[in-house]
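To start, the structure under review is shown below, and the notes come after it.
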Amino acid sequence: MGYWLMKSEPDEFGIEDLIRSDKQTTTWSGVRNFQARNFMRDDMKLGDLAFFYHSSCPAPGVVGTMKVVKAAYPDPTQFDPASDYFDPKSKPDNPTWVAVDLQFVKQFPLVSLEALRKEPKLAEMRLLQKGNRLSVLPVNAAEWKRIMSMVEG
DNA sequence: GCCAACGTTGGC
DNA sequence: GCCAACGTTGGC
(Lines give C-alpha, C1' and ligand atoms only; values in the text may rest on other atoms or scores of the structure.)
Protein backbone atom coordinates (compact mmCIF):
# COMPACT_ATOMS: atom_id res chain seq x y z
CA MET A 1 0.00 0.00 0.00
CA GLY A 2 1.22 3.48 -0.82
CA TYR A 3 1.32 6.58 1.32
CA TRP A 4 1.02 10.17 0.14
CA LEU A 5 0.88 13.77 1.21
CA MET A 6 -1.58 16.07 -0.53
CA LYS A 7 -1.36 19.83 -0.14
CA SER A 8 -4.32 22.16 -0.18
CA GLU A 9 -4.77 25.73 0.85
CA PRO A 10 -7.37 25.78 3.63
CA ASP A 11 -8.80 29.02 2.25
CA GLU A 12 -9.61 27.10 -0.92
CA PHE A 13 -10.37 23.63 0.41
CA GLY A 14 -9.44 22.61 3.93
CA ILE A 15 -10.05 19.43 5.86
CA GLU A 16 -13.26 20.90 7.27
CA ASP A 17 -14.54 21.17 3.71
CA LEU A 18 -13.72 17.51 3.11
CA ILE A 19 -15.56 16.49 6.27
CA ARG A 20 -18.63 18.40 5.12
CA SER A 21 -18.50 16.97 1.59
CA ASP A 22 -21.06 14.44 0.34
CA LYS A 23 -19.94 11.03 1.60
CA GLN A 24 -16.93 12.88 3.04
CA THR A 25 -15.37 12.35 -0.37
CA THR A 26 -13.93 14.82 -2.84
CA THR A 27 -12.51 14.89 -6.32
CA TRP A 28 -8.89 16.00 -6.00
CA SER A 29 -8.74 18.07 -9.18
CA GLY A 30 -6.68 21.00 -10.37
CA VAL A 31 -3.24 19.44 -10.13
CA ARG A 32 -1.30 21.19 -12.91
CA ASN A 33 2.24 20.01 -12.41
CA PHE A 34 3.60 17.11 -14.43
CA GLN A 35 5.53 15.45 -11.63
CA ALA A 36 2.54 15.58 -9.31
CA ARG A 37 0.32 14.32 -12.11
CA ASN A 38 2.65 11.41 -12.76
CA PHE A 39 2.54 10.38 -9.13
CA MET A 40 -1.26 10.36 -9.21
CA ARG A 41 -1.54 8.72 -12.61
CA ASP A 42 1.18 6.09 -12.29
CA ASP A 43 1.63 5.29 -8.63
CA MET A 44 -1.45 6.21 -6.62
CA LYS A 45 -3.57 3.11 -6.05
CA LEU A 46 -7.06 2.46 -4.77
CA GLY A 47 -6.84 2.10 -0.99
CA ASP A 48 -3.67 4.14 -0.60
CA LEU A 49 -3.61 6.52 2.36
CA ALA A 50 -2.73 10.21 2.24
CA PHE A 51 -2.04 12.99 4.69
CA PHE A 52 -4.10 16.14 4.27
CA TYR A 53 -1.61 19.03 4.43
CA HIS A 54 -2.63 22.66 4.84
CA SER A 55 -0.32 24.93 2.87
CA SER A 56 0.06 28.68 2.28
CA CYS A 57 -1.63 29.54 5.54
CA PRO A 58 -0.67 30.81 9.01
CA ALA A 59 -0.24 27.29 10.41
CA PRO A 60 1.01 24.92 7.72
CA GLY A 61 1.13 21.22 8.51
CA VAL A 62 -0.63 17.87 8.52
CA VAL A 63 -4.21 17.90 9.81
CA GLY A 64 -5.60 14.47 8.99
CA THR A 65 -5.70 11.44 6.75
CA MET A 66 -7.65 10.33 3.69
CA LYS A 67 -7.86 7.26 1.53
CA VAL A 68 -7.96 6.86 -2.23
CA VAL A 69 -11.42 5.62 -3.19
CA LYS A 70 -11.00 6.11 -6.94
CA ALA A 71 -7.70 5.88 -8.80
CA ALA A 72 -6.64 8.34 -11.50
CA TYR A 73 -9.15 9.39 -14.14
CA PRO A 74 -9.35 12.47 -16.40
CA ASP A 75 -9.68 15.66 -14.37
CA PRO A 76 -13.02 17.15 -15.46
CA THR A 77 -11.92 20.72 -14.75
CA GLN A 78 -9.42 20.68 -17.60
CA PHE A 79 -12.31 20.64 -20.11
CA ASP A 80 -14.48 23.22 -18.34
CA PRO A 81 -13.98 26.72 -19.78
CA ALA A 82 -15.59 28.16 -16.66
CA SER A 83 -13.02 26.53 -14.38
CA ASP A 84 -9.87 28.20 -13.13
CA TYR A 85 -8.15 24.97 -14.11
CA PHE A 86 -9.38 24.92 -17.72
CA ASP A 87 -6.64 23.81 -20.10
CA PRO A 88 -7.48 24.61 -23.73
CA LYS A 89 -4.59 22.47 -24.93
CA SER A 90 -5.95 19.30 -23.36
CA LYS A 91 -8.19 17.17 -25.57
CA PRO A 92 -10.85 14.73 -24.34
CA ASP A 93 -9.37 11.90 -26.42
CA ASN A 94 -5.96 12.48 -24.82
CA PRO A 95 -6.39 14.21 -21.46
CA THR A 96 -3.36 15.90 -19.96
CA TRP A 97 -4.46 16.00 -16.32
CA VAL A 98 -5.89 13.48 -13.90
CA ALA A 99 -7.88 13.59 -10.69
CA VAL A 100 -8.40 11.02 -7.93
CA ASP A 101 -11.22 10.70 -5.41
CA LEU A 102 -10.27 10.90 -1.75
CA GLN A 103 -12.38 10.03 1.28
CA PHE A 104 -11.94 11.45 4.75
CA VAL A 105 -10.48 9.03 7.28
CA LYS A 106 -9.38 10.99 10.34
CA GLN A 107 -8.78 14.50 11.60
CA PHE A 108 -6.24 15.27 14.31
CA PRO A 109 -4.59 18.30 15.91
CA LEU A 110 -2.13 20.06 13.63
CA VAL A 111 1.25 18.42 13.22
CA SER A 112 3.01 21.59 12.22
CA LEU A 113 5.65 21.95 9.57
CA GLU A 114 7.89 23.21 12.36
CA ALA A 115 7.32 20.00 14.37
CA LEU A 116 8.02 17.87 11.30
CA ARG A 117 11.29 19.71 10.76
CA LYS A 118 12.33 19.11 14.35
CA GLU A 119 11.92 15.35 14.02
CA PRO A 120 15.30 13.79 13.09
CA LYS A 121 13.71 10.66 11.65
CA LEU A 122 11.86 12.79 9.12
CA ALA A 123 14.89 14.69 7.86
CA GLU A 124 14.78 12.89 4.52
CA MET A 125 11.10 13.53 3.85
CA ARG A 126 10.48 15.01 0.44
CA LEU A 127 8.16 17.56 1.95
CA LEU A 128 11.03 18.98 3.97
CA GLN A 129 13.59 19.15 1.20
CA LYS A 130 14.70 22.55 0.02
CA GLY A 131 12.70 24.00 -2.81
CA ASN A 132 10.00 21.38 -2.70
CA ARG A 133 6.85 22.69 -4.33
CA LEU A 134 4.97 19.57 -5.36
CA SER A 135 1.37 19.41 -4.20
CA VAL A 136 1.36 15.60 -4.33
CA LEU A 137 4.25 13.84 -2.64
CA PRO A 138 5.05 10.23 -1.80
CA VAL A 139 5.61 9.38 1.86
CA ASN A 140 7.40 6.20 2.84
CA ALA A 141 6.03 3.74 5.38
CA ALA A 142 8.52 4.68 8.09
CA GLU A 143 7.69 8.37 7.70
CA TRP A 144 3.98 7.63 7.80
CA LYS A 145 4.34 5.64 11.02
CA ARG A 146 6.52 8.30 12.58
CA ILE A 147 4.03 11.06 11.89
CA MET A 148 1.13 8.94 13.12
CA SER A 149 3.04 8.31 16.35
CA MET A 150 3.52 12.09 16.72
CA VAL A 151 -0.25 12.42 16.41
CA GLU A 152 -0.81 9.92 19.16
CA GLY A 153 1.67 11.81 21.30
C1' DG B 1 4.81 41.59 0.64
C1' DC B 2 9.27 39.36 0.01
C1' DC B 3 11.97 36.08 -2.02
C1' DA B 4 14.11 31.43 -2.93
C1' DA B 5 13.36 27.72 -5.70
C1' DC B 6 11.66 25.57 -9.34
C1' DG B 7 8.67 24.76 -13.66
C1' DT B 8 7.24 26.37 -18.16
C1' DT B 9 7.50 28.96 -22.34
C1' DG B 10 9.34 30.54 -26.40
C1' DG B 11 13.00 32.72 -29.26
C1' DC B 12 16.96 31.36 -31.42
C1' DG C 1 18.79 21.89 -27.31
C1' DC C 2 19.97 26.13 -24.83
C1' DC C 3 18.67 29.57 -21.80
C1' DA C 4 16.51 34.00 -20.45
C1' DA C 5 12.23 35.59 -19.04
C1' DC C 6 8.38 34.84 -16.73
C1' DG C 7 4.99 32.54 -13.60
C1' DT C 8 3.93 29.86 -9.47
C1' DT C 9 4.55 27.87 -4.93
C1' DG C 10 4.77 28.42 -0.30
C1' DG C 11 7.22 29.63 3.99
C1' DC C 12 8.14 33.50 6.51
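Computed from a predicted model, the values in this text were never measured in an experiment. So you know, we letter chains A, B, ... as the sequences are listed, proteins then strands, and number each from 1.
Scanning DNA chain B 5' to 3' for nucleotides with an atom closer than 4.0 angstrom to a non-hydrogen atom of chain A gives a first and last hit of B:dA5 to B:dT9.
Between A:Asp101 and the choices A:Thr27, A:Thr25, A:Thr26, the side-chain hydrogen bond (donor to acceptor under 3.5 Å, both in side chains) rule is met once, by A:Thr27. For the ring pair (Phe, Tyr, Trp, His ring centres under 6.0 Å) test with A:Trp97, the passing option among A:Phe34, A:Phe86, A:Phe79, A:Tyr73 is A:Phe34; the others fail.
Put simply, CG on A:Asn140 and NZ on A:Lys145 are 10.5 Å apart, with the number rounded to the nearest 0.5 Å. The line from CD of A:Glu124 to CD of A:Gln129 is 6.0 Å long, rounded to the nearest 0.5 Å. Residue A:Lys7 holds its NZ atom at 5.5 Å from CG of A:Leu137, rounded to the nearest 0.5 Å.
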Mind listing the side-chain donor-acceptor pairs of residues 58-71 of chain A below 3.5 Å, one per line with the distance, residues two or more places apart or on another chain?
none

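Ring centers of A:Trp4 and A:Phe52: at least 6.0 Å apart, outside the cut-off.
Within the nucleic acid shown, A:Gln35 comes within 4.0 Å of sugar-phosphate atoms alone, with no base atom in reach, counting heavy atoms only.
Of all the residues in residues 50-63 of chain A, A:Tyr53, A:Ser55, A:Ser56, A:Pro60 reach under 4.0 Å from DNA chain C with at least one non-hydrogen atom.
Between A:Asn38 and A:Gln35 the shortest side-chain heavy-atom distance does not fall below 4.5 Å.
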